[in-house]
Amino acid sequence: MKALIVSAHPDPNSLTASLKDLAVSTLEAGGHEVAVSDLYAMKWQSAADFTDFDGITGPDFMHASGTAYETGRLAPDIQAEQQKLLDADLVVLLFPLWWFTVPAILKGWIDRVFTYNFAYGASIPRYGDGPLAGKRAMLATLTGGRAGHYTPRGVNGPIEDLLFPLNHGLLYFTGFDVLPPFVAHSAVHLTEDAYNDITGRFRQRLTTAFTTAPLPYRPETGGDYTALTHPDAAELAPGRETPGTTGFNLHLAR
């Protein structure tokens, strides 16, 4: 199988960088082919703008990106990353959680690479049936805060909610089978035991990445949503959820 590791940290001596190297060695030891996009080492351009489209400027930014994709006129660095996604059976996004989301350079990779007509579009299925269906993806993130800060009653809010826009709104939207995220808390000033615990857990997640059950998100066309009968609403139909379920958990079929 083929894997793509997309890593975002400016310090080559960081824990994130160490886990990137561990991901490569672990997956290769399992017989898999691994590609790496180390965004800071690549000096990846974060800002998406019209210079990506070889002179195409309209009728608006979104459709210009789609036209550039369809006509082979996207910037070469974007085309290269799109090909990596198409080639991959597994994609791992590896990043520190900065201000409750990804570093700007990784957001810029998402903005520039997931273009109209490549990752989404008016006539392209979504939420489980997207263009990247059949592939697996996993978030791997590190937080400086303690685990208890990221619980339903924790001051930072539940980590599952913080990662929902990426898991559901990016990965599942475009078709990936989304694996439960790997999260390491208190990932600063580590003791040797704490470091060994994090690397051991990450290694185990990587070795089971092709067999772990994905998050049971509901497909948009699976009958749980009103999209087929009321496309302007696309809401979860009444009675489909477990009683008492609220928020993002409504979109999990369990």
Side-chain angles (χ1 to χ4, degrees), residues 1-9 16-42 44-46 48 52 65 69-70 72 74-95 102-103 105-121 124-141 163 165-183 202-215 217 219:
M1 307 293 274
K2 295 183 179 181
L4 170 62
I5 311 299
V6 183
S7 178
H9 199 291
T16 301
S18 178
L19 293 185
K20 175 201 66 182
D21 294 340
L22 176 63
V24 173
S25 61
T26 299
L27 289 166
E28 288 183 341
H32 307 297
E33 182 179 334
V34 183
V36 175
S37 292
D38 185 337
L39 300 182
Y40 279 96
M42 295 163 62
W44 179 262
Q45 175 186 321
S46 296
D52 286 336
S65 77
Y69 168 71
E70 290 183 323
L74 284 171
D77 59 345
I78 297 175
Q79 293 187 48
E81 295 304 298
Q82 289 182 339
Q83 190 61 53
K84 290 179 186 178
L85 284 172
L86 293 175
D87 291 342
D89 301 294
L90 169 70
V91 176
V92 178
L93 303 185
L94 174 60
F95 58 95
V102 298
I105 199 168
L106 179 52
K107 182 57 165 63
W109 181 84
I110 294 167
D111 289 347
R112 296 181 66 219
V113 174
F114 284 68
T115 63
Y116 192 74
N117 288 339
F118 169 74
Y120 72 102
I124 296 177
R126 61 183 191 172
Y127 290 119
D129 299 312
L132 299 175
K135 303 174 183 295
R136 293 181 152 232
M138 181 177 76
L139 303 179
T141 190
L163 298 180
L166 293 168
N167 276 332
H168 190 264
L170 170 70
L171 298 175
Y172 191 64
F173 185 100
T174 56
F176 283 103
D177 290 327
V178 184
L179 303 183
F182 172 84
V183 182
F202 191 46
R203 185 181 295 108
Q204 191 275 334
R205 288 298 310 278
L206 292 165
T207 57
T208 59
F210 291 100
T211 57
T212 297
L215 295 169
Y217 288 131

* **Under 3.5 Å: donor-acceptor pair, side chain of Y217, backbone of Y172** =>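 Checking the backbone N and O of Y172 against the side chain of Y217, no donor-acceptor pair under 3.5 Å is found.
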* Asked: What do the steps show when you test F182 against L206 for side chain to side chain contact (heavy atoms under 4.5 Å, CB included), and what is the final call?
  -> CA-CA 10 Å; F182 172 84; L206 292 165; over 6 Å; no
Can you confirm whether [X] sits close enough to [Y] that some side-chain heavy atom of one is under 4.5 Å from a side-chain heavy atom of the other?
{"X": "L4", "Y": "S37", "value": "yes"}
{"X": "V113", "Y": "W44", "value": "yes"}
{"X": "N167", "Y": "P181", "value": "yes"}
{"X": "L215", "Y": "P180", "value": "yes"}
{"X": "V102", "Y": "W109", "value": "no"}
{"X": "K20", "Y": "T16", "value": "no"}

* Residue pairs, two or more places apart or on separate chains, that pass salt bridge (charged side-chain N to carboxylate O under 4.0 Å, His left out) and touch residues 129-141 ->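 Residue pairs passing salt bridge (charged side-chain N to carboxylate O under 4.0 Å, His left out), neighbours aside: none found.
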* If a pair satisfies salt bridge (charged side-chain N to carboxylate O under 4.0 Å, His left out) and one of its residues is in residues 76-95, list it, with sequence neighbours excluded. =>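 Residue pairs passing salt bridge (charged side-chain N to carboxylate O under 4.0 Å, His left out), neighbours aside: D77-R112, E81-K84.
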With rounding to the nearest 0.5 Å, note down the distance linking [atom1] in [X] to [atom2] in [Y].
{"X": "D52", "Y": "T115", "atom1": "CG", "atom2": "OG1", "result": "9.5 Å"}
{"X": "L86", "Y": "K2", "atom1": "CG", "atom2": "NZ", "result": "11.0 Å"}
{"X": "F210", "Y": "T207", "atom1": "CZ", "atom2": "OG1", "result": "11.0 Å"}
{"X": "L170", "Y": "F114", "atom1": "CG", "atom2": "CZ", "result": "4.5 Å"}
{"X": "L90", "Y": "D177", "atom1": "CG", "atom2": "CG", "result": "11.0 Å"}
{"X": "F202", "Y": "L94", "atom1": "CZ", "atom2": "CG", "result": "5.5 Å"}

* What residues form a ring pair (Phe, Tyr, Trp, His ring centres under 6.0 Å) with F95, not counting sequence neighbours? ->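 Partners of F95 by the ring pair (Phe, Tyr, Trp, His ring centres under 6.0 Å) criterion come out as none, since no residue qualifies.
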* Any residue meeting ring pair (Phe, Tyr, Trp, His ring centres under 6.0 Å) with Y127, in chain and number order, not counting sequence neighbours -> H168, F173
Output side-chain donor-acceptor pairs under 3.5 Å for residues 21-36, partner residues at least two apart or in another chain, one line each.
residue: S25; atom: OG; partner: D21; partner atom: O; Å: 3.3
residue: S25; atom: OG; partner: L22; partner atom: O; Å: 3.1
residue: T26; atom: OG1; partner: L22; partner atom: O; Å: 2.8

* side chain to side chain contact (heavy atoms under 4.5 Å, CB included) between Q82 and L74, intermediate numbers included -> CA-CA 10 Å; Q82 289 182 339; L74 284 171; 3.5 Å; yes
Where is the tightest heavy-atom contact between [X] and [Y], given as atom of each residue plus distance?
{"X": "P125", "Y": "P131", "result": "O-CD, 4.0 Å"}
{"X": "Y116", "Y": "G121", "result": "CE1-CA, 3.5 Å"}
{"X": "A133", "Y": "G128", "result": "CB-O, 4.2 Å"}
{"X": "A119", "Y": "T174", "result": "O-CG2, 3.5 Å"}

* To do: Kindly write out the residues that satisfy side-chain contact (heavy atoms from CB on, under 4.5 Å) with S46, not counting sequence neighbours, or none if the list is empty.
  => I105
* **Step-by-step side chain to side chain contact (heavy atoms under 4.5 Å, CB included) determination, L171 to L139** => CA-CA 10 Å; L171 298 175; L139 303 179; 3.9 Å; yes
* Worked verdict on L132 versus V91 for side chain to side chain contact (heavy atoms under 4.5 Å, CB included) -> CA-CA 11 Å; L132 299 175; V91 176; over 6 Å; no
